[in-house]
Amino acid sequence: MTTVMNNLLYGTFILYLVSAIVFVVVATESKNRSKVWRRLAIILSIAGVVIHVAFMITRIVIGGHFPTSNMFEFIAFLCFALVLAFIVIFAIYRTYVLGAFVMPLAVVLLAYAAVFPRNIQPLIPALQSHWLYIHVTTAALGQGAFAVSCVAGLIYLIYQVGKGEKPKHAKYLEMTLIILVMLVGFSIASLLFQTFGYQASFIHQVNENQVIEEYNLPPIVAPNESKAVKVDQFLSYQGPLFEAPSWMKGEKAASKFNSVIWGIVVGLVLYAIYRAIARKNLYQLLYPLVRKLDPELLDEISYRGVAIGYPLFTLGALIFAMIWANEAWGRPWGWDPKETWAFITWMFYSAYLHLRLSRGWVGMKSAWLAVGGFVIIMLNLIVINLVISGLHSYA
Amino acid sequence: MIENTKCECGHNNPLGTVLCEHCGRPLDEISDSKEKIDKEMRYEGKARRSLTYQTSIMDQVWNFFSSVKIAIVLIIITLIMSGIGTIFPQEQFIPSSSPDTYYEQTYGTLGKWFYQLGFSDMYSSWWFATLMSMIGISLVICSLDRVIPLYRALKNQKVAKSTVFIERQRISLKENMLEDVPAKIDDLADKLAAKRYHVRREGNTLLAEKGRFSRWGPYINHIGLIIFLVGILLRYLPGWNLDDYVWVQEGQTVRVPQTHYYVKNEGSSIEYYKSTEKSNKGPIVSKYRTKAVLYQKDSAGKLIPLTKKTILVNDPLNYQGLKLYQSDFRSGDLTGIKFSLIDRKTKKNLGVFSVNLSQISESQIYKVGDLRVKIKDYYPDFAIENNVPVTKSQDPNQPAFLFETIEKGKTKGENSLVISGMNFPNPKSNKYDIGLAGFDMVNTAGLMVRVEKSLPIYLIGGIISMIGLVMGFYWQHRRVWIRVQDRILYLGAHTNKNWFALRRELSQIGFSHLVKEIEK
Ligand code: HEM
């Protein structure tokens, strides 16, 4: 059963990957013979979603609970939500180029999920509630739609900047794309080190307990006031170079911080290699893919993503979250950092909607806001965990 | 300011109107351009109070709060402040009861500022409440400012609009007509009706409309939000909510703080996942469980049981809005100690007696066979300071007893000191030894005590909000105006969102070139 589950996960990954490649082929192709390819691209992504569902079902059968209760499961679900939202929006607008950007993002997200421990853990009592799954899945579906909105916004920016009409935005767009490269770089590095079984661990004091912190990447930064237990060598590098500051208190904060540094380093190296070979900006590389699109359509797709995601997010991340928090912790809302950031995300998209509706912020401004909204969601997922140990300790 | 509000068509409009209520023609030069009409379509060019009266203080306050710009500023301030509040933990989450020193010690100068600027307890601060209230007031006023004119306009829509109005729509076209005019309009009417449009006709004009109810979505959403905010404000009423905590040992009945109820713990237990019991990371808890009974005293002071429930995490006891949550669990609280009495010479165990730590008094006598044992002194947390036995606290961390063992028929007996965890040498002359024979341990449940009377209000507000959101986002208000004049067909279409879907619909009824059209 467990091998079936793992194979389904690999199957999902491969289908998303192949679908991403076919979408890119379709987007670059200029001739008309691509009708078959077009069909193939979308069929592959739908097949990916189906296998992804099968994976989740086997995981429910094995673990006895819905798979959104640790970081791996949550990010994998977010990836699922992203592809699902893409398919819905594709059904409305039929833009293949969108797939050429969304599907690679889905691949990266799934790879990023695989970096976290994949074993099924039993649920601690606080997580034993149906409201938890309802809350997390609905919120994630909303976030998936927001992610599609962000991608459409990015495509809009690449279109406008690539066309050379908005030179002032070029720098910021390139920076945004570099951040994406960092996410890719981090996922690749982690998976490589994981495959080769790299290990390092440190022992340190957390609230008067001795805690051993495991690293899956060579330590650049060690936990605050820690002693190395075992550090594998990597190309004769052993590290660490410095210690994490004492206010990084979250669970495994230092190893996560280490991962972030790795992401930045690998991302920058990849980008430098790319620049050395291609000698042009990333957005210039991507521009030919999007050249033939209608900017007004892109703007509407980006808005549509928010329009679909906003009610879902309100329901999942606020209303269902309150119902669950009221059952688990005896209060509907407690300004826990995770809750606060859900609130901030929601307020941000509210501001987006009002700006668009009443102040006429469409086009460039709206696209940047769509990107910004998703950055807040990613911050919530990556950074908040790092620094703060709240009640939502897993994700 | 608009002076003349009489339209060319002869209709007299109220002051502040931008598009003629009757035929839709723009009434002033400012709005007489293509972009402008698109913007004015939101409220159908109706006079809004905030744009009409702008002199008195009352008007200014009204205009301030009805402005969406102000609303956005308020929203952005709130979200930035909320973000700052998460840089360091809030006071409720810190492991210290003196925040004034904690933040500076733990986080340095930044922590000090965080505390002094009031971010450490910001979500219950007066200024955060003020921000929320301002958003609330803004919600009420902006909705009133817009919803009434919008209601009037949508209710009294004229089918025949001026060609100026039709041509100035974002989607519009003009076609020369060769075929029979009424037949063409009939045909379009049928096709639009088949697309679920509600079609009205007047001679050579036609208005097709669908999804009008979705225009109320944002307002219904705002009403839901207002109800929700009222729920939050009500929490400032005394007695509206209660937030307390109580520890109950197994077997104990204690008063539920701040209420006239009592709760008895009939047993607390902890369960582990079998598969994890031997793992090196330690077992993982699967259940915390407390069997609780809730009582109330009757007039005679007798406890009357009201309700009974096995409380689990995520499954609290709920009695008329009073909720008890399983929140903490402590195992192995010491409640009693068993002692055995041994004859020194024969080494024979004469019997066991049990001391209940919550009922220790000098008059208590424990009988063992023919012997009687009295407690002369009790040190829950024993220590020797300056050669005098003392107790460091009232918690039974290292209980010690001074017993007097009295033989039958005597009034005085021998003393023996028994210290748990220590072998204290009592006088050689003693006939009896008292030794530890076991502990009585119980589990203790930490129960959260909550009353939150706003819950139903939040729920109603949330449901109304969601209805509004779904109405507003998953449906759109689409209208198509068609007018034939001098053998020219004028078509104008408007939707409050999702223009591409509207274009696609129009292409499906025969205006295919509308799809590709891109306007700047
Ligand atoms: C946290 C507070 C708020 C939330 C969550 C919220 C939410 C929304 C949403 C979801 C929409 C629909 C947007 C769309 O269809 O694209 C909307 C529309 C609107 N909101 Fe708010 N809103 C809030 C506060 C306010 C405030 C304080 C004002 C007052 C000025 C305001 C004025 C408006 C207006 C005028 C509309 C357009 C209504 C129409 O289409 O006729 N909102 N709001």
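Heavy atoms only: backbone and side chains are in, while hydrogens, waters and symmetry mates are out. Residue numbers begin at 1 in each chain, while the letters A, B, ... track the order of the sequences.
Looking at B:Ile75, both its backbone and its side chain come within 4.5 Å of chain A, counting heavy atoms on both sides. For a residue to count as touching a neighbouring chain, one of its non-hydrogen atoms must lie under 4.5 Å from one of that chain's; by this rule B:Ile467 does not touch chain A. Interface remark: B:Ser327 contributes no atoms to any contact with chain A (heavy atom separation under 4.5 Å). Heavy atoms of A:Gln128 lying under 4.5 Å from chain B belong to its backbone as well as its side chain. Of the two parts of B:Ile270, neither the backbone nor the side chain holds a non-hydrogen atom closer than 4.5 Å to a non-hydrogen atom of chain A. Interface remark: B:Val285 contributes backbone and side-chain atoms alike to the contact with chain A (heavy atom separation under 4.5 Å). Heavy-atom distances place the side chain of B:Leu455, and not its backbone, under 4.5 Å from chain A. For B:Leu459, the part sitting under 4.5 Å from any heavy atom of chain A is the side chain, from C-beta outward, and nothing else. For A:Pro332, the part lying near chain B is the side chain, with the backbone staying farther off; criterion is any non-hydrogen pair under 4.5 Å.
When each of A:Phe348, A:Trp333, A:Tyr303 is checked for heavy-atom pairs under 4.5 Å with chain B, A:Tyr303 comes out on top. Between chain A and the options B:Ser286, B:Gly468, B:Pro316, B:Gly83, the largest number of non-hydrogen pairs under 4.5 Å is found for B:Ser286. Between chain A and the options B:Lys497, B:Met466, B:Lys287, B:Met122, the largest number of non-hydrogen pairs under 4.5 Å is found for B:Met466. Taking A:Leu353, A:Thr345, A:Ile376 one by one and counting their heavy-atom pairs under 4.5 Å with chain B, the maximum is reached by A:Leu353. Between chain A and the options B:Gly462, B:Ser82, B:Ala71, heavy-atom pairs under 4.5 Å are most frequent for B:Ser82.
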(Q) Run the side-chain contact (heavy atoms from CB on, under 4.5 Å) test on A:Met347 and B:Ile135 for me, step by step, so that the C-alpha distance in whole Å, both residues' side-chain angles and the decisive distance to 0.1 Å come before the verdict. (A) CA-CA 12 Å; A:Met347 287 296 256; B:Ile135 291 181; 4.0 Å; yes
Q: Start with the C-alpha distance between B:Arg450 and A:Arg331, add both sets of side-chain angles, then the distance that settles side-chain contact (heavy atoms from CB on, under 4.5 Å), and finish with yes or no.
A: CA-CA 8 Å; B:Arg450 288 286 157 97; A:Arg331 52 167 187 60; 3.4 Å; yes
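Under the 3.5 Å distance criterion, the side-chain polar atoms of B:Tyr273 are matched with a main-chain donor or acceptor of A:Leu123. Looking at A:Glu300, its side chain does come within 3.5 Å of a backbone N or O of B:Trp499 through a donor-acceptor pair.
One distance of note links CD1 of A:Ile308 with CZ of B:Phe473; it measures 11.0 Å at 0.5 Å rounding. Rounding to the nearest 0.5 Å places CG of B:Asn498 at 7.5 Å from CD1 of A:Ile92.
With a 4.5 Å cut-off on side-chain heavy atoms, A:Glu327 and B:Val313 do not count as touching. Contact annotation: the side chain of A:Thr340 approaches that of B:Tyr123 to within less than 4.5 Å [non-hydrogen atoms, C-beta and beyond]. Residues B:Thr78 and A:Phe343 are in side-chain contact: their nearest non-hydrogen atoms beyond the backbone lie under 4.5 Å apart. In this structure, B:Tyr325 and A:Trp329 have side chains that are not in contact, with every pair of non-hydrogen atoms separated by 4.5 Å or more.
By the 30° and 60° cut-offs, the orientation of the rings of B:Phe128 relative to A:Trp335 is perpendicular.
In B:Tyr245, the OH atom is crowded: over 12 heavy atoms of neighbouring residues, nucleotides or ligands sit closer than 6.0 Å.
In this structure, B:Ile76 and A:Ala351 approach most closely via the heavy-atom pair CG1-CB, 4.3 Å.
Taking a cutoff of 4.0 Å between a charged side-chain nitrogen and a carboxylate oxygen, A:Glu296 and B:Arg170 qualify as a salt bridge.
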Counting only pairs under 3.5 Å, give me each side-chain donor-acceptor contact of residues 309-323 of chain A, with atom names and distances, residues two or more places apart or in other chains.
residue, atom, partner, partner atom, Å
A:Tyr310, OH, A:Trp346, NE1, 3.4
A:Tyr310, OH, A:Ser350, OG, 2.7
A:Thr314, OG1, A:Tyr310, O, 2.7
A:Thr314, OG1, A:Trp346, NE1, 3.0

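For B:Lys309, the side chain to side chain donor-acceptor pair (under 3.5 Å) test picks out B:Asp315, with sequence neighbours left out.
Residues A:Trp324 and B:Asn314 have side chains that bring a donor and an acceptor to within less than 3.5 angstrom of each other.
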